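As structure tokens, the structure follows; a few thoughts come after it.
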Amino acid sequence: GSSDMHLSGSVENLLPFALRGDPLRGNATFVSQRFNLDEWKSDDSLTIIHVPGNIDFGLQATVGELIHGKLKMTNARGGLRVKDKRATLDNFAMNMLGGSIGVNGFYETVDSLRPTFDAQVQLKSVDIPSAFAALTTVQMLAPVAKFARGNVSTDLHLAGALGKDMMPLFNVLDGKGSLTTSDLVIQGLPLLGKIADAVKLEQLRNPTLDSLRASIQIQAGRVQVNPFTVRAGRSALQVSGSHGFDQTLQYTLGLRVARADLGAAANQAIASLISRAGRTGLNLQAADTVALAIKVGGTITSPTVQTNLADLVASTGQSVDGRTTHRVRRLRRRDHHPR
């Protein structure tokens, strides 16, 4: 095809391999300026790729431009080891999606009907819209990325099994890791639209969020997000909970808004929450900050929200009815050091 290949190396034990099936051993170095993987694919649907058990082979590869479907990768390099029905990637790295990706890990077919994998994946300054469009795993792990503009860096450990189509079985996927982002522009996220409607705060509908850092755990078909706080202007949002690979949401949000940012409609909505909480004696005008507790359910495209008044807080750290707001004080301390 259109690919150029330069290969050098050696093989050992060739005759015993050919005559008796003894292990074939070897090492090679592979260099290409442009390699098009699409030209090497069959027309058949994806099926399990079996790693042979009688080959012990190492490959060091460098490819200037690597093409696979929608993905265009540059400066791809790393090592591959095939041994004992396992293919291991060693320091495999490439530039793509506006940033870079590095992978260490293995794929094995000891069980020929249920291949498994274990990988450490690092993304550095990857463009979020590009990653969502190109990678099914990003679509499953982070469906909110569909509505975000910015870049992300992650350090994830993922392990699990693959189906007959070589796609991960997400219901048995295990993993954990961390992510950091640049400032994010969120547009059209149904959840934030529902919250904006509930509390009459239009600035929450399509906000620009400050950079954030979060950690996650993946188990039993859900992505558990450990508590983190992110700022949008003078507002702060504490996030914790989980979402499933079935797109279901189970989140608790703590929203803190400066009262000065509330318009007439928002003031009326907050006053309604005060009344529903049975605290009609509270003076909204005396508060510097309004804290709301929000329960999130439903799905990523059809979320449900329940809003409740958490507190009205004056600048002294006291709620407007005189109680000390330790919870909000803790939030404030975290907001000073959100990372």
Side-chain angles (χ1 to χ4, degrees), residues 1-44 46-69 71-97 99-124 126 134-135 137 154-162 164-168 175:
S2 63
S3 305
D4 66 280
M5 294 176 288
H6 304 268
L7 187 68
S8 62
S10 63
V11 292
E12 302 174 7
N13 215 34
L14 182 58
L15 285 179
F17 169 77
L19 298 176
R20 299 193 302 266
D22 289 356
L24 179 66
R25 296 184 296 273
N27 287 281
T29 299
F30 174 87
V31 178
S32 174
Q33 296 301 313
R34 182 180 185 276
F35 197 83
N36 188 347
L37 285 169
D38 294 334
E39 296 176 347
W40 294 72
K41 294 193 305 184
S42 70
D43 294 329
D44 301 331
L46 288 175
T47 57
I48 294 173
I49 300 172
H50 296 285
V51 182
N54 60 345
I55 288 182
D56 181 355
F57 194 81
L59 183 72
Q60 288 292 323
T62 303
V63 181
E65 182 183 21
L66 185 63
I67 300 170
H68 181 226
L71 297 177
K72 302 295 186 290
M73 298 156 273
T74 60
N75 193 24
R77 65 260 181 220
L80 172 69
R81 188 78 184 186
V82 176
K83 184 178 181 180
D84 297 332
K85 299 186 177 182
R86 173 182 288 188
T88 300
L89 289 174
D90 182 24
N91 290 326
F92 184 69
M94 54 195 159
N95 299 328
M96 61 183 292
L97 304 175
S100 64
I101 295 180
V103 182
N104 283 281
F106 65 81
Y107 162 82
E108 68 178 10
T109 54
V110 174
D111 183 343
S112 61
L113 300 179
R114 190 180 173 86
T116 59
F117 71 95
D118 189 302
Q120 192 76 28
V121 183
Q122 291 182 323
L123 280 64
K124 293 183 179 180
V126 167
L135 302 175
T137 303
T154 70
D155 190 351
L156 294 175
H157 175 249
L158 300 171
L162 301 175
K164 294 180 180 180
D165 59 355
M166 293 292 289
M167 290 297 294

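These numbers were taken from a predicted model, which means no experiment stands behind them. Side chains are part of it too, since the values below use all heavy atoms of this structure and drop only hydrogens, waters and symmetry mates.
Listed by chain and number, the residues in a salt bridge (Lys or Arg N to Asp or Glu O under 4.0 Å) with D22 are R20 (sequence neighbours excluded). For R77, the salt bridge (Lys or Arg N to Asp or Glu O under 4.0 Å) test picks out no residue, with sequence neighbours left out. Under the rule for a side chain to side chain donor-acceptor pair (under 3.5 Å), S112 has no partner lying at least two apart in sequence or in another chain. With sequence neighbours excluded, the residues forming a side-chain contact (heavy atoms from CB on, under 4.5 Å) with A61 are F30, listed by chain and number. For F17, there are no ring-ring contact (aromatic ring centres under 6.0 Å, His included) partners two or more places apart in sequence or in a different chain. Residues meeting the side chain to side chain donor-acceptor pair (under 3.5 Å) test with E12, sequence neighbours left out: none. Applying the side chain to side chain donor-acceptor pair (under 3.5 Å) rule to N36 yields no partners; only residues at least two apart in sequence or on another chain are considered. For the side chain to side chain donor-acceptor pair (under 3.5 Å) test, no residue two or more places apart in sequence or in another chain qualifies with H68. With sequence neighbours left out, K124 forms a salt bridge (Lys or Arg N to Asp or Glu O under 4.0 Å) with no residue at all. The side-chain contact (heavy atoms from CB on, under 4.5 Å) search around P23 returns none, not counting sequence neighbours. Residues satisfying the salt bridge (Lys or Arg N to Asp or Glu O under 4.0 Å) test with D38, not counting sequence neighbours, are K41.
No more than 12 heavy-atom neighbours from other residues, nucleotides or ligands sit within 6.0 angstrom of NZ on K164. The 12-atom threshold is not exceeded at CD1 of I49, counting heavy atoms of other residues, nucleotides or ligands nearer than 6.0 Å.
Here the closest heavy-atom approach between residue Q60 and residue G79 is recorded as NE2-CA, 3.6 Å. The heavy-atom pair separating L7 from A28 by the smallest distance is CD1-CB, 4.0 Å. The heavy-atom pair separating M94 from M73 by the smallest distance is SD-SD, 3.2 Å. Closest approach of F57 to V11, counting heavy atoms only: CE1-CG1, 4.2 Å.
Distance alone, capped at 3.5 Å, places no donor-acceptor pair between the T109 side chain and the P115 backbone. With D4 contributing its side chain and Q33 its backbone, the two residues share a donor-acceptor pair below 3.5 Å.
The CG atom of L66 sits 9.5 Å away from the OG1 atom of T74 when rounded to the nearest 0.5 Å. Atom OG1 of T137 sits about 10.0 Å away from atom CG of L156, to the nearest 0.5 Å.
L14 has its side chain within reach of L24: a pair of non-hydrogen atoms, C-beta onward, lies under 4.5 Å apart. Looking at H157 and D118, their side chains come closer than 4.5 Å, going by heavy atoms from C-beta outward. Residues M167 and D165 form a side-chain contact, since some pair of their non-hydrogen atoms from C-beta on lies under 4.5 Å apart. Side-chain contact between I48 and R114 is absent, with no heavy atoms from C-beta onward closer than 4.5 Å.
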L123 and L97: side-chain contact (heavy atoms from CB on, under 4.5 Å), yes or no, with the steps?
-> CA-CA 10 Å; L123 280 64; L97 304 175; over 6 Å; no
Donor-acceptor contacts under 3.5 Å from residues 80-92 side chains, at least two apart:
{"unit_1": "R81", "atom_1": "NE", "unit_2": "D56", "atom_2": "OD1", "d": "3.2"}
{"unit_1": "R81", "atom_1": "NH1", "unit_2": "N27", "atom_2": "OD1", "d": "3.4"}
{"unit_1": "R81", "atom_1": "NH2", "unit_2": "D56", "atom_2": "OD1", "d": "2.6"}
{"unit_1": "R86", "atom_1": "NE", "unit_2": "E108", "atom_2": "OE1", "d": "3.0"}
{"unit_1": "R86", "atom_1": "NH2", "unit_2": "E108", "atom_2": "OE1", "d": "2.9"}

